[in-house]
Every structure is written in structure tokens, then in C-alpha cells.
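Written below as C-alpha cells is the structure these notes are about.
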Amino acid sequence: MKPILEVKSMTMDFGGLRAIDNVDLSIEKGQIVALIGPNGAGKTTFFNCITGIYTPTHGDIYISPNGSEDGKNERINGLKPNIVTRKGLARTFQNIRLFTSMTVLENVMIGCHAITKAGIMGAIFRGASTKSEEKLIVEKSYLILEKIGLSKYVDELAVNLPYGAQRRLEIARALATDPFLLLLDEPAAGMNPQETMELDELILKIRNSEGISILLIEHDMKLVMSLSEKIYVVDYGKKIAEGTPEEIRHNPVVIKAYLGEEVDA
Amino acid sequence: MTAKQELKKSIIASVWFMFLTFPIMVIKVNTVTHTIDWRWHNMALVGIGSFFLSMLWRYLLKKKEEGGKKEKKAGLSFIQRLLQEKQFALPGIVIISIITILFPHIFSMYQTNIMTSALIFVVLGLGLNIVIGLAGLLVLGYAAFFAVGAYSYALLNLHYGVGFWVALPIGGILAAFFGILLGYPVLRLRGDYLAIVTLGFGEIIRLVLENWNEFSFGPSGIKNIPKPGFLGIEMSMQTTTIYVFYIVVLLVVFTIFVINRLKNSRIGRAWTALKDDEIASQAMGIDKAKTKLRAFALGATWAGMAGVVFASKTTFINPASFTLWESVIILCTVVLGGMGSIAGVIAGALLLILLPEYMRDFGEFRMITFGAVLILMMIFRPGGMIEDVRKTYKFEK
Amino acid sequence: MDFEYFTQLFFGGLTRGSIYALIALGYTMVYGIIELINFAHGEIYMIGAFTGLIISTVLTMMGMPAIAVMVLAGMAAIIYSCAYGYTMEKIAYKPLRNAPRLSVLISAIGMSLFLQNYVLLAQTSDFLPFPSLVPEFEFWEPYSHILTSPELMILSTTVVVMILLTILIKFTKIGKAMRATSQDKMMAALLGINVDQVISATFVVGSATAAIGGVLIASHIGQINFYMGFIAGIKAFVAAVLGGIGSIPGAVLGALVLGWTESFFTGYISSDYEDVFAFIFLVVILIFRPSGILGRSQIQKV
């Protein structure tokens, strides 16, 4: 089985600042992988490089959507963000970036943009194919909201939702793009323990029922340890550890990075 | 705040404004006769006016602050609800249609002409609404596209004898082309910069039209532009006026129809997403460049068509009709009417054009009122007169 | 090549550039601190000129000596422009501190419209003659065919203003506060800086330099009109953007570049398209190098 995402020796320089230094990472089909590290370690920058907001200075990023041995490997360095999404990678943002003018349903409908194609002519004439596409978009969005548990908010303006619901809405929106890999940037930030537990269940459900792989940046260690099958740890842009939750929990280098002192293992 | 504090603040405001406006409002210098006209009554006016206005101002600001703490409602105002009720909308449309058809026969030619002008501005407002209201791209030189349409008809007619009906789509297409021409280099620009560049673009077009005499005949403009024909039949001045009125009405209806369809489509939603958050919308698969260019092109098209109609109505055009003021007025119709809201822009355009016409006595105060209204609207009611309402979708399981 | 003609154009451009610089400073300082393009800034310049005219006419009619008139009228112009700038900010911009950029921009356009028409209605739409407040310098006579006395006055005044401004920004408490606030508003507030006061001060200082420019140019050209703020404002704005908006030396540099370009272009090629030039500059700069010559690039954090 080929990894669905493989990052090799990625480096990202901003002028004189090296934000990411020679990082490798790979995700297998159906895995939940976490990327952790102290603040400023370069985790969101890493996401931005994968999703096309930045082009890495060095290194390669390969994707293989179904992970099969004979499937093609595609290099996605430097592709524009909207193209990367169309290839099947969807993301959420560290600071919530919902569409504030729009309703909850419409936010998810925007997610469907990547998988639909009606243009100007379609909009004006509303032929049969456009009409059925619109119907599909509405239905699909509604179903996603049901699955996420937000269907009671359908016509509400996205900004009016409680904080935890807004975070889940971002996930719903990302799901609408039909991704094979979902990148979640601190999905549990600001959530209380109850909401975090629900998030845990949600992420598992997404992986189990849709077969979507997950790469997650998180600071909530309980969530990370509970969900992940593999963890990568970065600090100052460098990968300092990689392994299962058990291995990482007892890794002295990791502990030092977070606490700043040697601990006898 | 206690009454005494209120009083004190208002007195300070009053004194301040009397000081501030003293040279300009009180002293009128006549440089020819070397006399000074001391208009003390103005000072009293300013003093008293600012005393009360400052109290009103503080009151309104406080109310605004308190209002902001409540949740932003997706709820609808009276007018919006009214517009959505099927029972009201249908007979409403019928009534408006009847009034529209009968209008030029009931009212004088002069009135009809005014209404025609107002309706042309409705088309312009709706077109700009695509760019600013839906896509969030602040374009300040919109009158340039209007000019492109008008001059294309005038010149095509002059050199090649092209008639109105052929020129109409050509004007739209040419304007769309210019829209893309403007849009392409500015794709990366943020709000303020975009506004300034489009302003610059608009001014460049106007200055070229004014100075390139061989091409555009400069400030003297182009005369004798033919009005639209109807199967070659000779029509009197009166009939032509009515005819042009109906053409413009049709154009308005066409515009409303198409823009409504665009707004509630995949493209329309992409525009609004782009306006809200460029980065997130790209993350959802929206092609920023293509979507923005579409907005520029489509927005400009309406201005182009309106330009062709305008040229045929006035039969004479010159660069003075396409200045920054025109762009500002069109901008005002969108901002005041309600950005993104079709009904709002229509109301805004009609109000802005018709009201000064019917209040001729106050004509000289038009611009200063515009200015004040722009400021006040932005502070107290940024959503406009009739705010935009998001569409709700019905889902059957 | 006619060297004398060249030097005339050179100094002409320098003079133009100086006036643009005086106005551009206001734009750039306000933008640096609240990221607003104050469309109404040109009107401050215009109001300065009008106030100067009005006060100088009144004083002259009262029989004051020319020097006193010049000084008092100049001071009045500065004081009133500062007052207008201060009031403008409080009314049209302060309530919109947290509003989207579009709203403040439109409010600025509204304020510009308002002030132009305010002067139009309260005064006149005519071109009013402005007395020459600038004395002729005897000692300069031999050179006055290259650089006239009024031009010399403009240049030296501008240099003095620049020096004063630099001292203000670099060495005074309020200057440091301005620099801090323009870099990071929130941090400045946390450090105890009264951000509202700093913003007001910025408007006031910018208005003062614009007023000086207004009086100087009005005296040089000899007439004023309610519309003069618009075109001068646009050009000064182009200058500020050209040099890098937010940067004070940039505003001066951009203004000089624009001044020289206009001067040489109209002197050697044609005077028809003089104004177009500024707009073309503007469009080209914003497309290819939006941060201007000396400006800092804006990196958006995701």
C-alpha cells in the first residue's frame, strides 16, 4: 500500500527565516495522524505548504488518493490552493474562517463548489443539468449537516452559531469537497471537555464511515492520544520525533521540547 | 449621562463648530469690490444647529453601540418580509407592471425622460452591485464602462452606420472586454488599492476621451446619435420618448432577471464567499482569478449596454457625462440601497435620481447631502435601506 | 541642449514636488496609523488655502502691513486646517474604527464630497484671486529666471517643515507614540499609549503640512477654487503610494519623482496629458509594486 500523502524533505524559507526544516511525513489510507509541537513550531505553515498557500522552498509532496500500489503518485508542490482542494485535500483553519454573510447551509454548499461545474450560462439559463446540479448541492449539504449534527441551524447565519458549532461547521464545509484527506488545524481549540469528546466521536465517525484519512494539528493532548495512530512532533520547524502515541508519550526529546528540561524516562 | 453633562458637551460642540466654521461661513470676501460681508446669522445657525445635532449624534452613537451587542439577526425587516410573501409579490408585480406600461401615456414627455434616466441608473446600479455588492470588489471608476458603451455606439454609428439594436450587444461585449482588461492586472490588489486603481482607470479613460480629439472628438463630443428605430417607421418626438422608455424598462427587467439568476447560482455564491474570505474560498476550490474576472466582466456588461441606451436617448455625448461624479453616484445607489440586494439597489437608484429632480429648489444642496448621507449610512446603517437577504433552500427528504 | 531650460524645468519640478510632498505627508501618516486612505485630505489643503485667503483679505483691509498679514494668515490657515482634520476624524472615521475597510473608504468619499460642497455653498464656485503673500527677495534677483523668489520660498519652507517633522517623529514623546501605534496599535495601547490621542495628533500634523502647502501654492499660482483639493489630493496620493504609503521619506521621494516627471514631460513633450500622467503612474505602480519604492511589503498571515 502506498501512502496517500507523502512529504519528503520539505523545507520552507521566508527570506532569512527557515520555518520548516527538512521534514518528512507520510499518511496511509484510513489513518488518523497527528502533528504536534510547541507554539510557533511551524505546524500551520506545514499545512499551508501542503494546501498550496505557500510553495515549499525544497522538497516534494506526493499524493496518491486511493493508496493502491499501482495508483499514480502525483506531485502537488506549488499548485494553487483551489487546485489542491480539487485533488482531494480539504482543510479547516486555526482561526475560524467561515463565510460570515452566508447561512450555515450555504457555507456547506460552497464546499460543493469543487465538485460541481455550472458556469455563467448555466446560471442564467438554468438548464436541466444545472438544475439537477443545484438540487444535488442542496441535498448533499443538508445530509452532511445532519451527519455533523448541525441540521437545526440550517438557515441561520453562520456567525450566529455558538463557538463549538462553528468549528464543526468548518469541518462540514470541508467534507463537502469530497476529500480523501482532511487536514484539521486545531479543531478543538476553545472547546470545553464535553465538546471535545463530541469532536473525538465525530472525527472517528468521519474516518470510519467515509474512509477519509485525517491529519490533525492539535494541542489538546487527550484528544491527540485518544485518536491518533501515528504522531509527528515538530519543534522550531524540525521533526524531532515520530511514532505511536505510547512511544511519543515517553519520548524524552518530546518532553524536553514541551517542558524545556531533561526528564529521566 | 446626566443632563448637566449632556448640556456641557453640547455647548462645547456648539462653540467648537462656531469657531470652526467662522471664516468660511461667516466671512464672505468680495475681492472685486474689496468689501466683506459678515454673515452673523450663519454663526447663529451653526451654533444652535450643532448644539442640538451633537446631542442627537451622541444619542444615535450610543444606540448603535448597544445594538451591536445583540446578535446579528438573520431575521427580516418589514419590507424584506413583504417582498418574500408570495401573496404580496404577485399582485405587487402586476400593479407595478400596469403602472409602468401606462406611465409614459399619463405623464408628460419631460417626466418620462426623467424616469428613463432614473431607470438607466437602475441598470447601472444593478451592474455595479455585482462587482461591489456580491463580489466585494470596490470599483470606483465604473462610469468608464458606461462611457465605453456610449462611445462605442456613437463611433460605430458615425463611421459604419451601425444601428441601435446591433450596437446594444456590441456595447455590452466591448465593456465586458474592458472589464477583463481592468480586472486582470488588479487581481492581487486589496480593497483600498483596488479602489484607487479603478478610480485611476476611470480617470484615464475620461482624460483620453477628452484629449484624443481625432478619436473621440474631445470635449465637444459626438452629436446626432440616432435614437432606436422600430422597423424603420418614422416616429415623432413624443412617440420616440415613449419607445425609449419601454426599451429601458425591458432592459431593467432583463437585468433584474439575469442578475437574480446569477446571484442564486454557484457563481453567485462563489462571489459572496470570495467577498467574505478569499483564503477560505480558495480552500473550497474556488478559482480566485476566474471568479473575480467574471465579476468584472459581467458587471461591466450592464454599464456598456446602459451606455448604448444613454447615447441613443440623449443623442449627444461628451466626456462630461462620464466623470468621477457619475461613478460616485452609482456607487451611492449601491451603498445606500443595500449591497448585494437587488430590491435595495433599485430603490436606491430611484431615490437618488428622482428625488433631486422633484426637489429642484434644493438642487444645489444635492451633492452636499450625498456626502453627508454617505457618511451617516456607513456609520448607522451600513447594510443599506433594504438589506440583502440570504436565500433559504427547501429540502425534501 | 538648452541647459537653462533644463534647470528651469528641474527647479519647477522640484517646486511642484515640494507642494505634493507637503500634502502627501498627511496621506501617508494617516494611512500608516489607521490604514485609511483619507479621500478628504485634499479638502483640508483647500480649506487651508481658503482660510488663508479670507483672513489675509480681512487683515489687509484693516490696514495691516504685508508681513504681519502673511504670518497671521498662514497661522490661521494652519490652525483651521488642523481643526478641520481633527473634527473630520472624530465624526467620520472614529465611529468606524472597527468597521470593514469598505465602509471607512466610503465614509471618506462622503466627507470629501461634503467639504467640497460646503465651501462651494458657503463661499463661491468662482476662482478667487489669492494675493501674493510672498515677498520678492532682492538678493536672489540674478538667479530668478531659473528659480523665482516664490519658488525659493516654497522650497525653503518645505525643507524647514521636513526638518521640523523629522524632529517631531524622531525625538518627541508624541512622535514615538505615533511610530509605535502605526506599527502595532494593540501593543501600543497595552503599553499605555492613548491611541485615540495619537490618531488625532496624526491627523492634526498631517493637516498642518497640507495647510502650509495650500497657502504656498495659492500664493504662487494666484488663485484658488473649491475644487482644487481634488486634483492636488489625487496627485499627492499618487506620490505617497509611489514612495510607499506609510513611509514618510517615501512620500517625499514619491512627490519629487512625480513633480519632476510632470515638469519634464510637459516641458519637453506636451502639456495636454499632464494629469493623465499621474493616473498612469498610479495604476502601474499599484500593479507592479504596490508597496512603492520605499514601502514595506505586506505579508498576510494565514
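Naming convention: chains lettered A, B, ... in sequence-line order (proteins, then strands); numbering from 1 in each chain. Because the structure is predicted, anything quoted here is derived from the model rather than measured.
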Quiz item: Do any N or O atoms from the side chain of Asn82(A) and from the backbone of Gln282(B) form a donor-acceptor pair under 3.5 angstrom?
Solution: no
Self-check item: Main-chain N/O of Phe99(A) paired to Asp277(B) side chain as donor or acceptor, under 3.5 Å
Solution: no
Quiz item: Hey, are Arg266(B) and Thr116(A) close enough side-chain-wise for a donor-acceptor pair under 3.5 Å?
Solution: yes
Inter-residue atom distance [X].[atom1] - [Y].[atom2], 0.5 Å rounding:
X: Met121(A); Y: Ser265(B); atom1: CE; atom2: OG; answer: 12.0 Å
X: Lys391(B); Y: Met102(A); atom1: NZ; atom2: CE; answer: 12.5 Å
X: Asn107(A); Y: Met284(B); atom1: CG; atom2: CE; answer: 9.0 Å
X: Leu274(B); Y: Ile110(A); atom1: CG; atom2: CD1; answer: 9.5 Å
X: Phe125(A); Y: Arg261(B); atom1: CZ; atom2: CZ; answer: 9.5 Å

Quiz item: Do the charged groups of Arg390(B) and Glu106(A) touch, with an N to O distance under 4.0 Å?
Solution: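 A salt bridge links Arg390(B) with Glu106(A).
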Side chain, backbone, both or neither: which part of [X] has an atom under 4.5 Å from a heavy atom of chain B?
X: Arg86(A); result: side chain
X: Leu105(A); result: side chain
X: Glu170(A); result: neither
X: Ile83(A); result: neither

Exercise. Can you tell which part of Lys290(B) gets under 4.5 Å to a heavy atom of chain A, answering side chain, backbone, both or neither?
Key: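 Neither the backbone nor the side chain of Lys290(B) comes within 4.5 Å of chain A.
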Self-check item: Option in Ala273(B), Ala283(B), Ala270(B), Gly268(B) with maximal non-hydrogen atom pairs under 4.5 Å from chain A
Solution: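 Highest number of pairs under 4.5 Å: Ala273(B).
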Practice problem: Under 4.5 Å, counting heavy-atom pairs only, tell me which of Ile259(B), Asp287(B), Ile286(B) racks up the most with chain A. | Solution: Ile286(B)
Quiz item: Hey, are the side chains of Arg294(B) and Ile120(A) touching, using non-hydrogen atoms and a 4.5 Å cut-off?
Solution: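 SC-SC contact between Arg294(B) and Ile120(A) confirmed.
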Distance-minimising heavy-atom pair for [X] and [Y]:
X: Leu262(B); Y: Ala123(A); answer: CD2-CB, 3.8 Å
X: Asn264(B); Y: Arg126(A); answer: O-NH2, 3.2 Å
X: Ile279(B); Y: Phe93(A); answer: CG2-CE2, 4.0 Å
X: Ala280(B); Y: Arg173(A); answer: CB-NH2, 4.0 Å
X: Ser101(A); Y: Asp276(B); answer: OG-OD1, 2.6 Å

Exercise. Return yes when atom NZ of Lys288(B) has more than 12 non-hydrogen atoms of other residues, nucleotides or ligands closer than 6.0 Å, and no otherwise.
Key: yes
Quiz item: More than 12 heavy atoms of other residues, nucleotides or ligands under 6.0 Å from OH of Tyr163(A): is that the case?
Solution: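 Yes - once you tally the heavy atoms of other residues, nucleotides and ligands closer than 6.0 Å, there are more than 12.
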